[in-house]
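Some notes on the structure that comes next.
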There are 2 protein chains.
Amino acid sequence: MNHEIGIVDVAKAAGVSIATVSNVINGKGRVSGETRRKVERIIAELGYTPNLPARHLKTNRSDLIGVVVPTMQPGRLQDNPFYWDLLAGVEEGARDGRYHVILTGIDEERETLAFVKERRLDGLIVVGAGEGSPLVPRVAALGVPAVFIDSYLRSPELNQVVLDDRSGAHAATAHLIGLGHRRIALLTGDMPPEQLPYFGVLYERLLGYRDALEEAGLPYEGDLLLRLPTSLEGGFEAARHVAALPDVTAAFAFSDVMAMGLVKGLREQGKRVPHDYSVVGFDNLFVSEYTAPALTTVSQDILAKGRVAVRMLLGQIDGVGDPARRIVLPAELIVRETTGPAGAANARNN
Amino acid sequence: MNHEIGIVDVAKAAGVSIATVSNVINGKGRVSGETRRKVERIIAELGYTPNLPARHLKTNRSDLIGVVVPTMQPGRLQDNPFYWDLLAGVEEGARDGRYHVILTGIDEERETLAFVKERRLDGLIVVGAGEGSPLVPRVAALGVPAVFIDSYLRSPELNQVVLDDRSGAHAATAHLIGLGHRRIALLTGDMPPEQLPYFGVLYERLLGYRDALEEAGLPYEGDLLLRLPTSLEGGFEAARHVAALPDVTAAFAFSDVMAMGLVKGLREQGKRVPHDYSVVGFDNLFVSEYTAPALTTVSQDILAKGRVAVRMLLGQIDGVGDPARRIVLPAELIVRETTGPAGAANARNN
DNA sequence: TTGAAAGCGATACCAC
DNA sequence: GTGGTATCGCTTTCAA
């Protein structure tokens, strides 16, 4: 029956009151150097570790931040290799701030987020909830510090971390145009086009694409938008459609997984990349450099996204009112091997 | 100053004692159906949510399970796309059991795991700590339910979930031998060979490789082991060495990332896959099917690994003493396009 | 600079 | 079946 040693045991052993021990632990109040040292020694000797639930009951905090990722099939965390890096960035930053990270996949529609209040979470990082998501008002209603990643929410009150998707897409498109491509298919994912505005990330990329077209005096043609799932399979499937589109010599996919599927699909159709078709992706997944041919893509530093988001969140928790409510991270075009001049292929495709 | 509504408020509103409310909430004690309904109604009306830290203080639990992933550089979660699926499986299972998942990257050497006691974690899932890891005794010393994933620890006391690595490697090697390959290079990662036994996963795979060799009456040659980092770059780098090894016509990499790097490196050397060299990977990453050529590899269901691990852990937490201390998941060889007959190339390589 | 004591919001024992 | 109350381990006034 050797009970866990608590603050009282430390106090007893040190011959001081528990209040003093508490002060030492928290570095608060006035404690003489001598008392402090003695208490610290006893703590080390006894191997005392604080009981956090008790502390949290008293302080009404939890030293916990939640990372919320919407699930696809109810119950299944979204299937995106991308998120691991994000999480790694968050976790790293949280740990530096003596916080821990709690990960939850939630059903965007149904979830009430009750656990946030129940567990007294100190803050929330919400990944990929668009403007239309019911999650957004619910999170706001909680009154808990929160940061949204990749959300493009209109409310200026909300803290957000996003990528400069528009510039990234612009660069990608301009690159293709510069190579002589005139009709560029777009793989946006399987969002209905009219809902695109609610998924800011995709919409911004669409805008970037249009920007570049416009700059070059090229028309924006709605029928170049291919609506297929954001997955390897979706991209693969898209190849058929791309090949059927007259005069199209290039495609821009809003994710690397789609781009990779597309390249594979195109090859399966007897088309060569980049000879017959140029392909650009988005994300710069760790594998994108190692596909054959290596994928030209728009790079984003996902780890940094996670780091920035926690930093922002912790700032808000500690009441350091950060005026910058929305942080935009840079996107960079990385030209590799899936893009080339439109020349040769053009002649044949026409 | 509208304070959070607590159990007392519910009790007051329902005209019962807090003890009764507590009983209703926890489904314990004897409560009449009528009282129960009334209390439940009041709870719903008031929107009462329990204060978990308080409950946890009292119960000395936390409804939290920790997932521990050793980091490479101290502070950085290991860089493996693989882990997201694992985590997704764990999270899903935990949620079903009303638990939450807390994720921590730790420095294997230094970390004391103090947070486990401090937060009163109910259980721990430790990923990839080998037999030699200081983590293992530390976790055992905590006296907290724990499950080790991919660890191959000798102690029969410890709960483990592993893949049938040996069979998987055997199948891969036998496949190559069946195709006529006689000298098969091995990309094990950058572990010193003498330490391999301490990293069970790799060691088991090595054993599987030897099994297959032996069955075929082929010699095991130590100089076919290439020691390079488990990464795309490592695999790429390995290509030079593989190409320099006389009579080698195939390589087996202990991870898909290495295999992918290797294929790329080989091609860069002017070698064709599978014409000049056959390559087999391990893991069946989601991209492996979409590389060109598609990677022949040993497949494991990582999501299932996570699911199985939590199930095992929760069983242990709830005291349902599961007799199976070690669960072995099946591995399956998936033959795709990076492997082919040794014939033609053999002639030239000699 | 230190200590006594009042909670924080639950759970659970024991009496009724 | 129901209710009073001690208790969990800590933080935090307020006095000394």
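To find a chain, count down the sequence lines: A is the first, B the second, and so on, and within it residues start at 1.
- The ring-ring contact (aromatic ring centres under 6.0 Å, His included) contacts involving residues 32-51 of chain A comprise nothing, where partners must be two or more places apart or lie in separate chains.
- Ser155(A) pairs by the side chain to side chain donor-acceptor pair (under 3.5 Å) definition with nothing, not counting sequence neighbours.
- Taking the 5' to 3' direction, DNA chain D first and last meets chain A under 4.0 angstrom from a heavy atom at dG9(D) to dT12(D).
- A donor-acceptor contact shorter than 3.5 Å is absent between the side chain of Arg307(B) and the backbone of Glu91(B).
- In this structure, the side chain to side chain contact (heavy atoms under 4.5 Å, CB included) partners of Ser22(B), at least two apart in sequence or on a different chain, are Ile7(B), Asn26(B).
- For the side-chain hydrogen bond (donor to acceptor under 3.5 Å, both in side chains) condition, the pairs that include at least one residue of residues 120-135 of chain B, sequence neighbours left out, are Asn60(B)-Arg120(B), Glu108(B)-Ser133(B).
- Applying the side chain to side chain donor-acceptor pair (under 3.5 Å) criterion to Gln160(B), with sequence neighbours excluded, gives no partner residue.
- With sequence neighbours left out, Thr59(A) forms a side chain to side chain donor-acceptor pair (under 3.5 Å) with no residue at all.
- For the pair Glu4(B) CD and dG9(C) P, the interatomic distance rounds to 9 Å; values are reported in whole Å.
- Applying the side chain to side chain contact (heavy atoms under 4.5 Å, CB included) test to Ala114(A) and every residue at least two apart in sequence or in another chain returns Thr112(A), Glu118(A).
- In this view, Phe115(A) and His100(B) satisfy the ring pair (Phe, Tyr, Trp, His ring centres under 6.0 Å) rule, not counting sequence neighbours.
- The side chain to side chain donor-acceptor pair (under 3.5 Å) check on Arg41(B) picks up Glu45(B), with sequence neighbours excluded.
- In this structure, Arg37(A) atom CZ and dT2(C) atom P are separated by 11 Å, rounded to whole Å.
- End-to-end axis angle for the helix from dT1(C)-dA16(D) to dC16(C)-dG1(D), using five pairs per end and rounding to 10°, comes out at 30°.
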Polar atoms only, N or O, under 3.5 Å: list the protein pairs with nucleotides 10-12 of chain C and their distances.
from    : atom 1 : to       : atom 2 : distance (Å)
dA10(C) : OP1    : Tyr48(B) : OH     : 3.3
dA10(C) : OP1    : Asn51(B) : N      : 3.3
dA10(C) : OP2    : Ile7(B)  : N      : 2.7
dA10(C) : O5'    : Tyr48(B) : OH     : 3.0
dT11(C) : OP1    : Asn26(B) : OD1    : 3.3
dT11(C) : OP1    : Asn26(B) : ND2    : 3.1
dT11(C) : OP1    : Arg55(B) : NE     : 3.0
dT11(C) : OP2    : Ser22(B) : OG     : 2.7
dT11(C) : OP2    : Asn26(B) : ND2    : 3.3
dA12(C) : OP2    : Lys28(B) : NZ     : 3.2

